[in-house]
Amino acid sequence: MEDNVPTVGSPSSDHMDLATVPGLDFSSIPPISVLNAHFKGEEEDRVKATLRRHGAQLTADVSKVKVFVGKVGTRKRAEFELRARKFEIDEVVELKRVASPIKQDGIPHKRVKVRRSVFKPIQIEDEGSTTEEEVDEVSETEDEAPKTRDTPISSPVLPDEQPVPIATPIFEDTSTDDIIRVVRIDWLNECLSAGRLVPLGENLVYRGKVKKRPPASLGTDYASIKATFTSSHKAASQTQVATRPSTAPHILDRAKEDASIAPVKRQPYHHHGNDGHGSRRFEGRTFTSSASQPTFTHQTAHLLQQTTSEYEGEDTDIPPPPDWVARGLKYACQRFTPANPPNEVFIEQLKKIRTARTLIDDAIGVRAYSSIIAAIAAYPFKLSHPRELARLPGCDEKTAALFVEWKNTGSIQAVEDYEADEVMGVLRAFYDIWGVGAKTARNFYYGKGWRDLDDIVEYGWNGLDRVQQIGLKYYDEFLEPIPRAEVEGIAEVVRQHAVRLRDERVSVTIVGGYRRGKTASGDVDLIVSHPCLAATAHLVRDLVDSLEAEDWITHTLTLSLHNTSRGQTTLPFRTTKASGAGFDTLDKALVVWQDPAWPTRAADLAANPKANNPNIHRRVDIIVSPWRTVGCAVMGWSGGTTFQRDLRRYAKYAKGWKFDSSGVRSRESGEVVELEGSEGVDGPPEEAERRVFEGLGLEYVPPEMRCTN
DNA sequence: AAAAG
């Protein structure tokens, strides 16, 4: 496909032609620079070469550049790129566009959608690794990005904006202002196919007046990082003498700036979040995409070279790759991941970047970082050289660059930015409400204009659903870690009730973080089972009723009986899409738990029948599994998130199966694969779990070695 | 959209 597609004029510019088009001359256009975001491989070099061959004044000098070209789909993205390069744009000259529905009403959801599809996240090198449930994931993965526009393709620029398109020089400005433009790369292709300069039209994504240009840069870009990195020696000679721009004052400045525009509080109906610059400028900071972090890009080029040169000649000191790397095992379920790995401190930084990705609702970025984190967490040596890192699955030179930055400066700019960003703090607080995800958190901030939890309570309480109200009511309590002893106590209560409801043969297995060995858990996850198939039918409901009757359960957040209503069979493969990635395959109750007993209870109640129970509220998940698939249930609920995701991917790609906590099916025939026998195993659920590992062809991984998060 | 790992 690559070679057959006509290259010139390819709208995505993926195939910039190498030929020189006679008569095409860019020399009249102002100094131009290429935005490297979203470029793959040699692409950026090809674009630059093409421009150069046609006489363009290519420059890396931020004091001169007037035009940026790149894969930039939206105004917002353009703003971001400029901001990231430390341009201060004083005034945005709005491009008037015809009938752009999104622009008209500025619906935040749509903006998010558009923006998200525009940037390309860290790439994971292995073929299908970004996909778990490929249906919904592949579609939102890369490539379609540059084609996404926030205006209809045909929407012309209004006449007053570009008076007489063809006759007038394309980049002429009437004013003496320092005008900067961001132009979509497609324009270049259109020029190439036309054989002459064509009007910018819709390819002019952004135009603004520069208030302040950034200090002179190092002129190094990402391509050279890659080159340096891959070449492994002789880096020092290319190293330019340069110091890292002092970031501290900059951050402070911006923090101040941010504070100054920071919201007058309590204006729930005044949507200052949407329309002005106010909050939009917070979106898509450095952490939106490490693929395009010019802030550290040229700094890092230097740093990486520096590090690489520091390590020159020490290649032999790099430890041989661990067995799982050498054998090319790329799934987290194929290796041991302990709780406190040697590179924990670095991993903490990456987790913050991932959190930022979560909060900007960038699922792909979250997955990419999760893979990276999981791989590093399984790496048994303290990382000393970036090249060690880059051989791990999911990691590449960008990851290595982060490592170098962290190693050499003790911090990572993207993390600093995230932590200094007030908006992220607010979003994070909202996200921590049970029942509120990234979308809702963002809507609270950008849509409703709320700035803290009090705002929600004060202005939004009635708009919350029941579950969110509960989440907010017990906000602090749910964030309190639960000690192991208390987890065990809760499990024991559940067991007693289950025994009372059925018989002595019930089993309660504590899964989740507890089983991975955490000293304290965020919630309690229990798998309840019974060797008799009939005994587990409707058991969740019976349990909830019973525990509620004794005041252990104060609220039921969700109760699902899907499995029972299906006759407790393994979730069918090719079911309706709505049944999702397997969340509601087993019967379960997500409840709020509280110990009903307290020392002075009797007296308190005597004095006041409505006396308050002072005990802390806890989140408890009670999952009921039929015996014949408990192994899958226990396995599916014990690992860290990435372990689980990779387990599904492994089952899919290595076995052609669909793994689910309610069992395993063949993707080909749709038939149940009975890894635990048709009636389940004789031993305890842990024994059944071992059988599942065996059946999947996996080495047993003890739960304490599934700490991929 | 959100909940689980």
Side-chain angles (χ1 to χ4, degrees), chain A residues 108-109 112-113 116 132-133 136 331-333 337 339 358-359 361 363 366-367 370 373-374 427 430-444 447 463-472 474 478 509-518 521-528 540 555-563 571 577-592 618-625 630-651 659-662 689 692 701 703-709:
Chain A
H109 316 57
V112 171
K113 195 81 186 186
R116 185 219 278 182
E132 175 185 1
E133 294 304 315
D136 40 272
Y331 301 109
C333 54
T337 315
T358 303
L359 297 176
D361 199 23
V366 170
R367 281 198 296 273
S370 293
I373 289 164
L427 291 175
F430 292 171
Y431 185 79
D432 279 338
I433 302 168
W434 204 90
V436 172
K439 280 238 161 57
T440 307
R442 296 178 66 79
N443 184 39
F444 285 176
L464 301 180
D465 62 34
R466 192 189 72 98
V467 149
Q468 292 166 336
Q469 289 178 343
I470 295 168
L472 201 46
Y474 302 115
F478 288 172
T509 309
I510 309 173
V511 288
Y514 174 94
R515 187 157 183 254
R516 292 196 296 276
K518 288 178 73 172
S521 312
D523 67 357
V524 180
D525 301 305
L526 304 170
I527 304 283
V528 182
V540 231
H555 308 265
T556 303
L557 297 165
T558 53
L559 179 68
S560 48
L561 290 149
H562 289 91
N563 200 35
L571 181 76
K577 261 186 89 181
S579 66
F583 179 60
D584 44 12
T585 63
L586 288 174
D587 288 353
K588 72 176 66 62
L590 313 184
V591 303
V592 180
R618 300 301 201 183
R619 275 276 308 107
V620 176
D621 297 341
I622 299 170
I623 300 105
V624 172
S625 170
V630 239
C632 289
V634 166
M635 191 165 171
W637 281 79
S638 293
T641 308
T642 309
F643 186 93
Q644 303 308 343
R645 171 165 66 98
D646 281 6
L647 185 56
R648 290 164 192 266
R649 289 169 51 211
Y650 170 85
F659 176 88
D660 182 276
S661 55
S662 71
E689 186 193 42
V692 178
V701 180
E704 317 78 60
M705 289 295 161
R706 304 179 203 171
C707 302
T708 54
N709 293 338

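Order of the sequence lines fixes the chain letters, A, B, ..., with proteins taken first and strands second; residue numbering starts at 1 for each chain.
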Original post:
Could you state the CG-P distance from Leu590(A) to dA4(B), rounded to the nearest angstrom?
Top reply: 7 Å

**OP:** With sequence neighbours left out, write down each residue that passes side chain to side chain contact (heavy atoms under 4.5 Å, CB included) with Val467(A), or none if nothing qualifies.
**Re:** Trp434(A), Asp465(A), Leu557(A)

**OP:** Give Val467(A) one of three labels, base, sugar-phosphate or nothing, depending on what nucleic acid heavy atoms sit under 4.0 Å from its own.
**Re:** nothing

Subject >> Length of the CZ-C1' vector between Arg706(A) and dG5(B), whole Å >> reply: 11 Å

Original post:
Within less than 4.0 Å of OP1 or OP2 of dA1(B), is there a side-chain N or O belonging to Trp434(A)?
Top reply: no

Original post:
Heavy atoms under 4.0 Å, any strand shown: does Arg516(A) hit a base, just sugar-phosphate, or nothing?
Top reply: sugar-phosphate

**OP:** List the atom of Gly636(A), the atom of Ser661(A), and the distance in Å for their closest heavy-atom pair.
**Re:** CA-CB, 4.4 Å

Subject >> Contact under 4.0 Å: Thr558(A) side-chain N or O vs dA2(B) OP1/OP2 >> reply: no

**OP:** Take atom OH of Tyr514(A) and atom P of dA4(B), then tell me their distance rounded to the nearest Å.
**Re:** 21 Å

Original post:
What is the nucleic acid contact for Asp465(A), judged by heavy atoms within less than 4.0 Å: base, sugar-phosphate only, or nothing?
Top reply: nothing

Subject >> Closest to the Thr440(A) side chain, choosing from dA4(B), dA1(B), dG5(B) >> reply: dA1(B)

Original post:
Which atom names give the shortest non-hydrogen contact between Gly631(A) and Val692(A), and what distance separates them?
Top reply: C-CG2, 3.8 Å

Subject >> Value in whole Å for how far the P atom of dG5(B) lies from CD of Gln644(A) >> reply: 10 Å

Original post:
Atom CD1 of Ile433(A) to atom P of dA3(B): distance rounded to whole Å?
Top reply: 10 Å

**OP:** For Asn709(A), report the nucleic acid contact type (base, sugar-phosphate, nothing); a contact means any heavy atom under 4.0 Å.
**Re:** nothing

Subject >> Whole angstrom value for the distance that separates P of dA1(B) from OH of Tyr431(A) >> reply: 14 Å

**OP:** Check side chain to side chain contact (heavy atoms under 4.5 Å, CB included) between Asp621(A) and all other residues, then give those that pass, not counting sequence neighbours.
**Re:** Asp523(A), Asp525(A), Leu590(A), Arg619(A), Ile623(A), Trp637(A)

Subject >> Distance in angstrom units between Leu586(A) CG and dG5(B) C1', rounded >> reply: 12 Å

**OP:** Please report, rounded to the nearest Å, how far the P atom of dA3(B) is from the NZ atom of Lys588(A).
**Re:** 14 Å

Original post:
Does the Arg442(A) side chain pair with the main chain of Leu359(A), one donor and one acceptor, at a distance under 3.5 Å?
Top reply: yes

